[in-house]
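Report on the structure given below.
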Number of protein chains: 2
Amino acid sequence: MNALPQASDGAAQNRRVNIQDVAREAGVSVSAVSKVLRDAYGVSPAMRTKVTAAIDSLGYRPHAGARGMRGRSYTLGMVTRELSSPLQAEIAGAFGLALDGTSYQGILIATDINMGSQRRAIEALLDRQVDGLMLIAPWMPHEAIDVFARRTPLVAIARTGEPDSYDTICDDGRTGSRLMVDHLAELGHTRIAHITAGSGGFVAPHVLSHVARREAYESRMRELGLTPHVVTATFDEKGGYEAAQQLLDADEPPSAIYAGADIAALGVLRAAKERGLSVPDELTVTGFDNAFISSVTGVELTTIDQSALEAGTVAARLLLERLNGRTEAVHHLTEARLVVRRTSGPPPT
Amino acid sequence: MNALPQASDGAAQNRRVNIQDVAREAGVSVSAVSKVLRDAYGVSPAMRTKVTAAIDSLGYRPHAGARGMRGRSYTLGMVTRELSSPLQAEIAGAFGLALDGTSYQGILIATDINMGSQRRAIEALLDRQVDGLMLIAPWMPHEAIDVFARRTPLVAIARTGEPDSYDTICDDGRTGSRLMVDHLAELGHTRIAHITAGSGGFVAPHVLSHVARREAYESRMRELGLTPHVVTATFDEKGGYEAAQQLLDADEPPSAIYAGADIAALGVLRAAKERGLSVPDELTVTGFDNAFISSVTGVELTTIDQSALEAGTVAARLLLERLNGRTEAVHHLTEARLVVRRTSGPPPT
DNA sequence: CTTCTCGTGTAGAACGTTGCACAAAAACTG
DNA sequence: CAGTTTTTGTGCAACGTTCTACACGAGAAG
């Protein structure tokens, strides 16, 4: 015992404390400890106190890998595309926050907007035995999501349609676009253009929410007797910039550009500035999302608010419900709200 | 077999394909498959082809939890505080990207700036058997980090000092602050204030990089015969706003405010706008980080660039090196570069 | 022809949990 | 008080890997 430092029981030095150690310390069986950990049926109050005391005194923490092998891993996975997309980061943050106080932990993998890499991220999460999946604006057809949803509880954000194998949370793009078109029309605009992103070839009704935004823009424009004008771009600063160039180079350039996402609107602002067009006096620019960045002094973008906090929180709740046994799908629509800031005004006369 | 759909071998229906299935398919032992998976020593080319063929045809994917129980989980964990902090999201993105093509996967947990919750995030990652840890601007004393570093390879970002149990990557705040003070002095400013964040009570030399920025600001100011003026705030928009209020309410308000982080500079811009101070004509505002948000039209903040791409990429490399056996610590300094944009100009006369 | 070494492959005991099947004790029945 | 049900606790076989220890055969060395 004193001859060799790591003889006999000295092996305990670096070992992680496991459920057996707890059982020994508490003087009960391993199964009993497991029961209180999962708070399963059939534990007396006395047992519970004994075991929790042992857990605390030993500083025991369950091994997620081992748990995942038989039961749950108590891990929920999120997939977003690039984190630089501000709204997605906000949703992920809210999701994580909503999990505080539960026994679940959220982990996140960021991908780029590419079906292959999103699929790989999901597989990676599944390899890590997550108990549930939250996908933000997943860039894949309904059928592909469906396959994953059959394996594990899943909630998709920013998808329309009402799939029955998974839950969805979607902004109310129809109302949002109507509010925005009405706002611009009331200001006196008639040439209102819209920037959208590609559909990805996904078929209705299971599409990404920006498609609903575009459709509602088109129909509201027609209702008001105006001609819709849509241009497609990638939803990032550069995409918005290029789309704006294209729009402003036209014979009859729009007096208002409504971008389907705030991030694209930032690119529109850059194009306007480069051309010496003052916003909103000579060009009105609006977005959708009300990401943090839109509120920053100097940007102050008129946009449609969709609460990232709400989306993340509800997503967490829906997943927990599924883990507790719910099987019918739930579809949640978040409210759209017009936020008027600096970048919208009447058209030049 | 035809009576009951899930009789006998029908059980294979929903089961995940495991290493045994692969071994059977390839006609070799389980150990052999394991060897090729980890490409360990002692596999003939013939064996390798047989096994990889079986893996592909079965679509086998190793179970990370089970792997983590004996060997590695092939998972690297990152901890950031709120993702809304743009630079941190950018670093995390670069880290993930750098891991593409390796057999490792990065996962992320976002926390708030609070030692308890950061610690909990790390523990959660350790419970999930990550093989390495990347901490971005960890809000905890060196000693606490050290404890984790002894358990697992670890790299800390935005920490100064040269700890020997873990690697660090830090922006060159000394040079950055010198560049910024010189820039402002050359423009003619003499009353240059600085906004910093709390030190957290961590002791030199193991502090967060914003402390180095502040120290360098102070010493450079003195070298130029100017009086430093520092105010402490939290590094978010609101914190910057409040600090600016305090500075601008003073008897002799500064003509230039150098915020220790871009995100805080945004708050300064808001305060300036509220007071009707035009930037940069009446007030110069600068930041540090060159986060994406600073380049946006309408913000166009003068700042110090530190490459998030570089930080994330190097972090991934350092961790992989450690996993391959390196044990001496490496400390990497990223270059600081002045980026002059709209928000800095000569002081009002 | 031994004996050594080397390269290649395999058996099987971990790893830390869960949860089924069961036993024992306690609490109700009539 | 015997019989039944309920509550509480335990034993043990999984789960899917890794990796040490070992066996086997083929050349190389003596």
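So you know, we letter chains A, B, ... as the sequences are listed, proteins then strands, and number each from 1.
R70(B) has no side-chain polar atom (N or O) that falls below the 4.0 Å cut-off from OP1 or OP2 of dA14(C). Dashed line: the shortest gap from a side-chain N or O of S44(B) to OP1 or OP2 of dG9(C) is under 4.0 Å. The shortest distance between the side-chain N/O atoms of R72(A) and the OP1/OP2 oxygens of dT18(C) is not below 4.0 Å. Not one side-chain nitrogen or oxygen of Y41(B) sits closer than 4.0 Å to the OP1 or OP2 atom of dC6(C). The side chain of Y74(A) contributes no N or O atom lying less than 4.0 Å from OP1 or OP2 of dT17(C).
Between atom CD of residue E143(B) and atom CZ of residue F148(B) there is a gap of 13.0 Å, rounded to the nearest 0.5 Å. Distance CD1/I91(B) to CG/L309(B): 10.5 Å, rounded to 0.5 Å.
The 5' end of DNA chain D is approached more closely, in terms of each residue's nearest nucleotide, by V28(A) than by the other of V28(A) and G71(B).
Closest contact between the side chain of I19(B) and the listed nucleotides dT18(D), dT10(D), dT17(C) involves dT18(D). Closest to the side chain of H63(B), out of dT17(D), dT18(C), dT10(C), is dT17(D). Each of dT17(C), dG9(C), dT17(D) was ranked by its minimum atom distance to the side chain of M47(B); first place goes to dG9(C). The nucleotide whose nearest atom lies closest to any side-chain atom of S31(B) is, among dT10(C), dT18(D), dT17(C), dT10(C).
Atom CZ of R38(B) and atom P of dG16(D) are 18 Å apart (whole Å). When rounded to the nearest whole Å, the span between CZ of R16(B) and C1' of dT17(D) equals 12 Å. For the pair R15(A) CZ and dG16(C) C1', the interatomic distance rounds to 10 Å; values are reported in whole Å. Between the CD atom of Q129(B) and the C1' atom of dC15(C) there is a distance of 10 Å, given to the nearest Å. Remark: P of dT17(D) and CG of D127(A) are 10 Å apart, rounded to the nearest angstrom. Between the CG atom of D39(B) and the C1' atom of dT17(D) there is a distance of 16 Å, given to the nearest Å. When the P atom of dG16(C) is taken as reference, atom CG of L58(A) falls 14 Å away, rounded to whole Å. Rounded to an integer number of Å, the gap from M69(B) CE to dC15(C) C1' is 4 Å.
By the 4.5 Å heavy-atom criterion applied to side chains, E310(A) and T313(A) are not counted as neighbours. Looking only at side-chain heavy atoms (C-beta outward), D131(B) and T152(B) stay at 4.5 Å or farther from each other.
At a threshold of 4.0 angstrom between heavy atoms, the contacts of R61(B) are confined to the sugar-phosphate backbone, with no base atom among them.
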Next item on the list: Evaluate ring-ring contact (aromatic ring centres under 6.0 Å, His included) for Y166(B) paired with H142(B), printing each intermediate quantity in order.
Entry: CA-CA 10 Å; Y166(B) 54 95; H142(B) 162 69; 5.7 Å; yes

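The base of dG9(C) lies close enough to the side chain of K35(B) for a donor and an acceptor atom to sit less than 3.5 Å apart.
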